[in-house]
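Computed from a predicted model, the values in this text were never measured in an experiment.
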Amino acid sequence: MTGLLDAESDWEVGPHASVEGRLVYAIGDVHGCYDILTRLLAMIADDVAARGRGRRPLLVFVGDYVDRGPATAKVLSSLVWLQRHAPFEPRFLKGNHEEMLLAWLDDPAEARGWLRVGGAETLRSYAVEPPAEVDAIDDHLRARDDLLERMPASHLRFLQALELTLTLGDYAFVHAGVRPGVPLRKQVPADLLWIREPFLSHGKRFEKVIVHGHTWDSAEPMIREQRIGIDTGVYRTGVLTALRLEDGRIGCFQAKGAGDPLAIRL
């Protein structure tokens with residue numbers, strides 16, 4: 001299990017790759033790209049109809065639902081709807097962008113840097129005019145209060161209740177990655193939400209195969225023996241990726257739309 005996995009492939013990965021008989025779909029960073037998300041969810045529904053065999057699918061989102069793309073408010077509305085009504089079991093992990101948004105809501109003066117890494121797009125999706133990062137604190141407080149007035153309470157509750165990790169069989173799902181050499185039960189939130197190195201270059205197996213988002217360098221997922229990266233930079237590439245996991249097998253498919261070639265990664 002090395003190199004890149006072709007988006008059309010379905011691979012056998014051996015008996016060590018168990019999801020305890022479940023049918024699991026993991027979705028990469030959405031970043032406010034509502035239209036592409038809805039296309040991918042429709043593809044997942046079709047895939048479940050074809051291979052579900054009575055199993056209730058587990059749908060794992062690895063975080064970063066907000067920022068960068070134009071439709072954060074619609075993305076969160078769709079995820080809240082999934083949480084309440086979907087025939088799947090949805091689980092939602094926290095990303096570093098959700099952490100930044102919540103920090104800005106708590107203290108706009110200390111977290112104003114969020115605006116330059118996608119926060120402005122999130123505010124606009126709720127019809128709130130974003131202040132410039134250098135504006136007076138009163139301007140940031142007014143924007144914060146406007147957002148709290150316009151954001152549905154269900155969106156805020158959703159953001160506050162996000163999980164940091166999910167473990168199933170031989171896989172662990174996180175947003176960014178894990179600190180090599182530290183047991184999964186002792187990983188700290190800062191690493192789970194933000195880490196890149198030394199996680200990305202770590203060549204040995206972890207306790208589990210780590211399924212993560214946060215870091216991308218192309219529109220292809222990165223499949224390694226020790227980790228599977230499913231962030232494909234949708235806000236820039238226009239490609240959103242879903243990983244399918246079954247006992248001994250993995251598959252991958254993608255929904256495509258328009259990205260922003262000038263977008264900046266974080």
Side-chain angles (χ1 to χ4, degrees), residues 4-9 24-47 59-82 90-101 114 116-126 155 158-159 162 173-177 193-194 196 200 211-223 227-245 250-266:
L4 288 172
L5 175 68
D6 185 84
E8 302 299 325
S9 294
V24 181
Y25 298 87
I27 294 178
D29 304 30
V30 177
H31 276 305
C33 296
Y34 172 79
D35 291 342
I36 305 175
L37 172 62
T38 57
R39 286 197 286 276
L40 187 65
L41 290 173
M43 294 170 67
I44 290 173
D46 290 343
D47 196 67
L59 191 60
V60 182
F61 291 80
V62 298
D64 278 7
Y65 317 108
V66 307
D67 299 348
R68 302 202 182 282
T72 284
K74 293 174 72 174
V75 165
L76 292 183
S77 289
S78 69
L79 299 182
V80 168
W81 185 93
L82 281 173
R91 300 287 292 270
F92 302 99
L93 303 185
K94 185 179 185 180
N96 63 305
H97 279 260
E98 284 77 51
E99 181 176 67
M100 287 189 287
L101 167 54
W114 169 66
R116 69 173 181 272
V117 293
E121 289 84 351
T122 290
L123 291 179
R124 292 190 185 101
S125 78
Y126 288 96
H155 292 195
F158 173 87
L159 293 168
L162 295 171
F173 303 83
V174 302
H175 174 63
L193 295 173
W194 289 93
R196 288 199 169 97
L200 296 174
V211 179
H212 66 95
H214 187 58
T215 300
W216 63 278
D217 59 12
S218 76
E220 297 292 338
M222 186 65 71
I223 310 299
R227 66 178 181 89
I228 305 176
I230 56 173
D231 181 7
T232 46
V234 60
Y235 63 91
R236 186 171 181 183
T237 65
V239 177
L240 183 62
T241 295
L243 178 74
R244 183 206 306 118
L245 299 172
I250 63 175
C252 181
F253 48 92
Q254 299 177 312
K256 300 181 180 181
D260 178 4
L262 300 179
I264 301 172
R265 286 182 288 165
L266 176 66

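- For Asp231 (side chain) and Gly28 (main-chain N/O), no donor-acceptor pair under 3.5 Å exists by modelled atom type.
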* To do: Please report the C-alpha distance between His175 and Glu98 in whole Å, then the side-chain angles of each, then the deciding distance to 0.1 Å, and finally whether the side chain to side chain contact (heavy atoms under 4.5 Å, CB included) criterion is met.
  => CA-CA 11 Å; His175 174 63; Glu98 284 77 51; 5.9 Å; no
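- Taking CG of Leu243 as the start and CD1 of Ile228 as the end, the distance is 5.0 Å to the nearest 0.5 Å.
- By the 4.5 Å heavy-atom criterion applied to side chains, Val75 and Thr72 are not counted as neighbours.
- Partners of Asp35 by side chain to side chain contact (heavy atoms under 4.5 Å, CB included), not counting sequence neighbours, listed by chain and number: Arg39.
- Considering only heavy atoms from C-beta on, Leu240 stays 4.5 Å or farther from Cys33 through its side chain.
- For Glu99, the side-chain hydrogen bond (donor to acceptor under 3.5 Å, both in side chains) partners two or more places apart in sequence, or in a different chain, are Trp194.
- Classification of the Phe158-Phe92 ring pair by plane angle, with boundaries at 30° and 60°, yields perpendicular.
- The closest donor-acceptor contact from the side chain of His31 to the backbone of Val66 lies under 3.5 Å.
- Considering only heavy atoms from C-beta on, Pro70 stays 4.5 Å or farther from Glu121 through its side chain.
- Using a 4.5 Å cut-off on side-chain heavy atoms (C-beta onward), Ile250 and Leu245 make contact.
- Proximity of Met222 to Asp217: side-chain heavy atoms (C-beta onward) are separated by under 4.5 Å at one or more points.
- Ile27 contributes atom CD1, which lies 5.0 Å from atom CG of Leu40 (distance to the nearest 0.5 angstrom).
- Residues Thr232 and Trp216 are not in side-chain contact: their nearest non-hydrogen atoms beyond the backbone lie 4.5 Å or more apart.
- Looking only at side-chain heavy atoms (C-beta outward), Leu76 and Leu159 come within less than 4.5 Å of each other.
- For the pair Leu79/Leu37, a side-chain contact is recorded, criterion being any heavy-atom separation below 4.5 Å from C-beta on.
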